[in-house]
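All of these numbers come straight from a predicted model, not from anything done at the bench. To find a chain, count down the sequence lines: A is the first, B the second, and so on, and within it residues start at 1.
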Number of protein chains: 2
Amino acid sequence: MLATIRDVAKEAGVSVATVSRVLNETGYVHADTRKRVTEAMKHLNYSPNEVARSLYKKKSKLIGLLLPDITNPFFPQLARGVEDELQKGGYRILFGNSDENAAKELEYLNTFIQNNVVGIISATNNKSKTNYDGLSIPVVFLDRTSSDYPSVYADGKEGGRIAAEEIVKRGSKRITLLKGPAHIQPAQDRFQGALEELSRSDIDFHVMSTTSFAFEDAEKWAKELFFMYPDTDGVLASNDIVATAILHEALRLGKKIPEDIQIIGFDDIPQSSLLFPSLSTIRQPAYEMGKEAAQLLIKHINKERVHHQHIQMPVTFIERNTTRKV
Amino acid sequence: MLATIRDVAKEAGVSVATVSRVLNETGYVHADTRKRVTEAMKHLNYSPNEVARSLYKKKSKLIGLLLPDITNPFFPQLARGVEDELQKGGYRILFGNSDENAAKELEYLNTFIQNNVVGIISATNNKSKTNYDGLSIPVVFLDRTSSDYPSVYADGKEGGRIAAEEIVKRGSKRITLLKGPAHIQPAQDRFQGALEELSRSDIDFHVMSTTSFAFEDAEKWAKELFFMYPDTDGVLASNDIVATAILHEALRLGKKIPEDIQIIGFDDIPQSSLLFPSLSTIRQPAYEMGKEAAQLLIKHINKERVHHQHIQMPVTFIERNTTRKV
DNA sequence: TTCATGTATGTAACCGTTTACACATTTAAA
DNA sequence: TTTAAATGTGTAAACGGTTACATACATGAA
C-alpha cells in the first residue's frame with residue numbers, strides 16, 4: 001500500500017499537520033523537524049494523494065480537454081500545444097473526443113466537473129453553448145469564437161479572403177468555392193471571407209456545400225465537383241483534407257496542377273507539405289493556438305487580470321505547388 | 001454550488017445512506033422512497049462527486065494513457081481506439097505525452113497513481129520498465145512487447161520480413177535497409193525481420209541507422225542515403241514518415257518511382273495513401289490495437305481470467321505505387 | 001404464538017488530505 | 001522585567017461520498 005501522510009507523521013514523530021506544512025510550505029516548521037519529515041517522506045517513498053487533496057480543496061490539478069476528433073490531423077498539434085503549456089503549470093489533462101456530438105460533449109463535460117477539473121478547453125462547435133453556462137469554472141474555447149467565453153481562434157474570415165485574393169491574383173477565372181459543414185463555425189468564417197472577396201472581384205465562381213471533413217466524404221464531393229463544374233480552374237477548399245481529395249481527383253482526371261487548376265487548402269496540416277504537388281494553403285498556427293488557449297485558461301484559473309479575452313491568431317498564405325507563381 | 005448527497009437526503013427526507021443506496025442500486029430501498037430520492041436528485045440536478053467516491057473506494061473511473069507523442073501520425077489512431085473502447089466501459093482518460101523521455105514518463109506515471117487511476121496503457125519504449133514495477137494496478141503495454149506485462153503489438157518482425165520479401169520479389173537488387181532508433185523496440189523488430197529475410201536472399205543490401213522518427217531528421221538521412229548509396233534501387237524504411245522523406249528526396253533527384261527505386265514504409269499512417277505516388281507499406285492496425293489494449297486492460301481491472309496476455313496483431317502488405325507489380 | 005428471515009432505513013466511521021484553532025515556547029521590544 | 005509578537009506544533013473538523021452495523025417492522029413458517 002502507498003504511504004499516507006499519517007505514515008509519514010508517525011515515522012517522523014510529528015503530527016499530520018506538520019507533515020502537511022512541510023508538504024505545502026505553509027506555516028512555521030522548525031528546520032530540524034522539516035528535515036526529519038523530508039527524510040521520512042523519502043524513506044517511505046511518499047507522494048500525496050491528489051484525490052484527497054482535491055476533495056478537501058474542491059479543486060484539482062486537472063483540466064478537461066475536449067476535441068472533436070484527435071484523428072483529424074489538425075487537432076494533434078492543438079492538443080500538443082495545450083499539453084506542453086499545461087504541463088509547465090503542473091496541470092494534467094482529462095481528455096475526450098466529442099465527435100461534435102452534443103450528447104457525448106455533455107457526458108464529458110459532466111465527468112470533467114465530477115472530477116473537479118479546475119478549467120476546461122473545448123474545441124467543439126456544437127450550438128449547445130448552454131452546456132457551458134453556469135459551470136463555475138473557467139472555460140476557454142479553442143478554434144471557435146464566443147462572445148460569452150474567452151476564446152482562441154484563427155482569423156478564418158481573413159484567411160478565406162486571402163485565399164480568394166491569391167487564387168484570383170494567380171489567374172483562376174472559374175473558381176469553385178467549397179463551403180464547409182454548416183455547424184462548424186470556423187468553416188463558415190473562412191467561407192464568408194472568401195465569398196466576400198470573390199464577390200468584390202469580377203470572377204465567375206460557384207459555391208458547393210459540403211457536410212463533413214472526413215476524407216471519404218471529401219472524395220465524393222471531389223468527383224461531384226468535377227462532374228458539375230468540369231471547367232473549374234481554381235478550387236478554394238474548406239480545409240486541407242478536402243483539398244487533398246480535390247487534388248487527387250484532379251490528378252486522376254489528368255489535369256495539370258497548377259497549370260490547369262489551382263487549389264488552395266486551409267489549416268496547413270503536417271501532411272500538406274508532403275503531398276505532390278505540395279499543397280498551397282492558409283496556415284493556422286495550431287500548436288501556438290493550443291499554447292495560447294492553455295495560457296489564457298491558466299490566467300483565468302489564477303484569477304489574473306486578462307486583457308484580451310479573445311485571441312485572434314494570424315493566418316498566412318503558404319505558397320506551395322498547387323498555385324502558380326504571380 | 002453543486003448539490004451534495006446530503007442536500008439530496010434532506011430534500012427527500014431520508015438519510016445519506018439511503019440516497020447512496022439508490023445511487024448505487026445496492027441494498028433495499030422502498031419503491032416510494034426511491035422515487036422521492038430520484039426526484040430530489042433531478043430537482044437539485046445532483047451528480048455524485050467522483051473525487052469523494054474515488055477517495056473512499058481507492059479507485060476511480062480513470063485510466064492513464066501515456067503516448068510518446070500524439071503529434072506523430074501513428075498515435076491518434078491508437079488513442080482513438082483506446083478512447084472509444086474505454087468510453088463504452090465508462091472510463092475516462094488521463095492523457096500524457098512522454099516524448100520517450102524517462103523523467104516525463106515517471107512524472108506522468110506518478111500523477112496517474114496520485115489520481116487513483118485504475119489502470120494504465122503505455123505506448124512508450126523506455127528501458128525504464130522499473131517505472132512500472134510494484135504499481136499494484138494493471139498496466140497494458142501498447143505498440144511494445146513485454147514479458148512481464150500484458151501487451152498489444154503488431155508483428156513487427158513478420159512485417160519486416162514481408163517488406164523485404166515483397167521488395168525483393170518486385171525486383172530490387174541493391175537495397176538499403178533503414179534501421180530505426182535503437183531504443184524503439186518495434187523499430188528493431190521490423191529491422192530484424194527484414195534483415196533476416198534479406199540475409200536469406202542473395203541480394204546486396206546496406207544497413208543505415210537512424211535515431212529518430214521526426215520528419216526533419218528523416219530528410220537529412222534521405223539526403224545522406226542517396227549520397228552514400230546513389231545506386232540504391234530499393235529502400236525499406238523504418239516507418240512511413242521516414243519513407244515519405246525518402247520518397248521526396250528521390251523525386252527531387254529526378255528518380256522514377258517505382259521504376260528506378262522502390263520504397264516500402266511501415267505503419268500505414270493515414271497520409272501514406274495520399275502521397276504521390278502513394279506509398280506501399282506494411283500496415284499496422286492502429287485503431288484496432290488501441291481497442292484491444294483497452295479491452296485487455298478492462299479485463300484485468302475486472303479481474304477476469306485473461307487467456308492471452310500478449311496480443312500480437314497481424315500486419316499486412318499494402319500494395320500501392322512505390323512498388324512495382326510482380 | 002414465536003421466531004427466523006426479509007425488507008427498509010439510519011448512524012457513524014472511514015478514505016487521505018488541509019486548515020482553523022488552541023496552546024506552548026521563544027524572541028524581541030518596551 | 002514584562003509582554004506582545006513570532007515561532008512551532010498538535011487536535012479535530014471538514015471535504016462528499018460508501019458501507020458496516022444497528023435497529024425496526026413485516027412476513028411467513030413452525
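- Each of V16(B) and A3(A) was assigned the nucleotide of DNA chain C with the nearest heavy atom; the assignment lying further toward the 5' end belongs to V16(B).
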What's the verdict on side-chain contact (heavy atoms from CB on, under 4.5 Å) for Y132(A) and D148(A), showing C-alpha distance, side-chain angles and the deciding distance? CA-CA 10 Å; Y132(A) 297 88; D148(A) 305 334; over 6 Å; no
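- The base of dG8(D) has none of its N or O atoms less than 3.5 Å from a complementary donor or acceptor on the side chain of R34(A).
- Ring centroid separation for the pair F74(B) and F213(B) does not come in under the 6.0 Å cut-off.
- With respect to the salt-bridge test (charged N to carboxylate O, under 4.0 angstrom), the residues R80(B) and D84(B) qualify.
- Scanning all heavy atoms of the two residues, the minimum distance from A286(A) to L78(A) falls at O-CD2, 3.2 Å.
- Proximity of residues 48-60 of chain B to DNA chain C (heavy atom under 4.0 angstrom from any strand atom) is restricted to L55(B), Y56(B), K58(B).
- In terms of heavy-atom proximity, L142(B) sits nearest to M289(B) at CD1-O, 3.6 Å.
- S98(A) and Y108(A) form no side-chain donor-acceptor contact under 3.5 Å, judged by distance and modelled atom types alone.
- Remark: P of dA14(D) and CZ of R6(B) are 10 Å apart, rounded to the nearest angstrom.
- Defined by atom type and a distance below 3.5 Å, a donor-acceptor pair is missing between the side-chain atoms of Q295(A) and H300(A).
- Ion pairing between a basic and an acidic side chain is recognised when a charged N comes within 4.0 Å of a carboxylate O; E107(A) and R92(B) show such pairing.
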Can you tabulate the close N/O pairs, meaning under 3.5 Å, that link protein atoms to atoms of nucleotides 5-7 of chain D?
unit_1, atom_1, unit_2, atom_2, d
dT7(D), OP2, Y28(A), OH, 2.6

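- At dT9(D), one or more side-chain N or O atoms of T33(A) fall inside 4.0 Å of OP1 or OP2 (strictly under the cut-off).
- The distance from atom CG of N116(A) to atom P of dG17(D) is 10 Å, rounded to the nearest whole Å.
- Looking at heavy atoms from C-beta onward, N49(A) lies in side-chain contact with N116(B) at the 4.5 angstrom threshold.
- Using a 4.0 Å heavy-atom criterion, one finds that S20(A) contacts the bases of the nucleic acid, with or without backbone contacts as well.
- Straight-line distance from the CG atom of N115(A) to the C1' atom of dC15(D): 15 Å, rounded to whole Å.
- Heavy-atom minimum distance, L94(B) versus N115(B): CD2-CB, 3.9 Å.
- Considering only residues two or more places apart in sequence or on other chains, K299(A) meets the salt bridge (Lys or Arg N to Asp or Glu O under 4.0 Å) condition with none of them.
- In this structure, D7(B) places its CG atom 9 Å from P of dG16(D), rounding to the nearest Å.
- For the helix from dT1(C)-dA30(D) to dA30(C)-dT1(D), the rotation axes defined at the first and last 5 base pairs enclose an angle of 50°, given to the nearest 10°.
- Residue pairs meeting the salt bridge (Lys or Arg N to Asp or Glu O under 4.0 Å) criterion with at least one member in residues 48-62 of chain B, sequence neighbours excluded, are E50(B)-R53(B).
- The span of DNA chain C lying next to chain B, judged by atoms under 4.0 Å from heavy atoms, is bounded 5' to 3' by dG6(C) to dG16(C).
- Atom pair I113(A):CD1 and dG16(D):C1' shows a separation of 16 Å (rounding to whole Å applied).
- In this entry the distance linking NZ of K10(B) with C1' of dG16(D) reads 15 Å, nearest Å.
- The only option from M41(A), R36(A), K35(A) that meets the side-chain contact (heavy atoms from CB on, under 4.5 Å) definition with V22(A) turns out to be M41(A).
- Listed here is the closest heavy atom pair of Q188(A) and P181(A): NE2-O, 3.0 Å.
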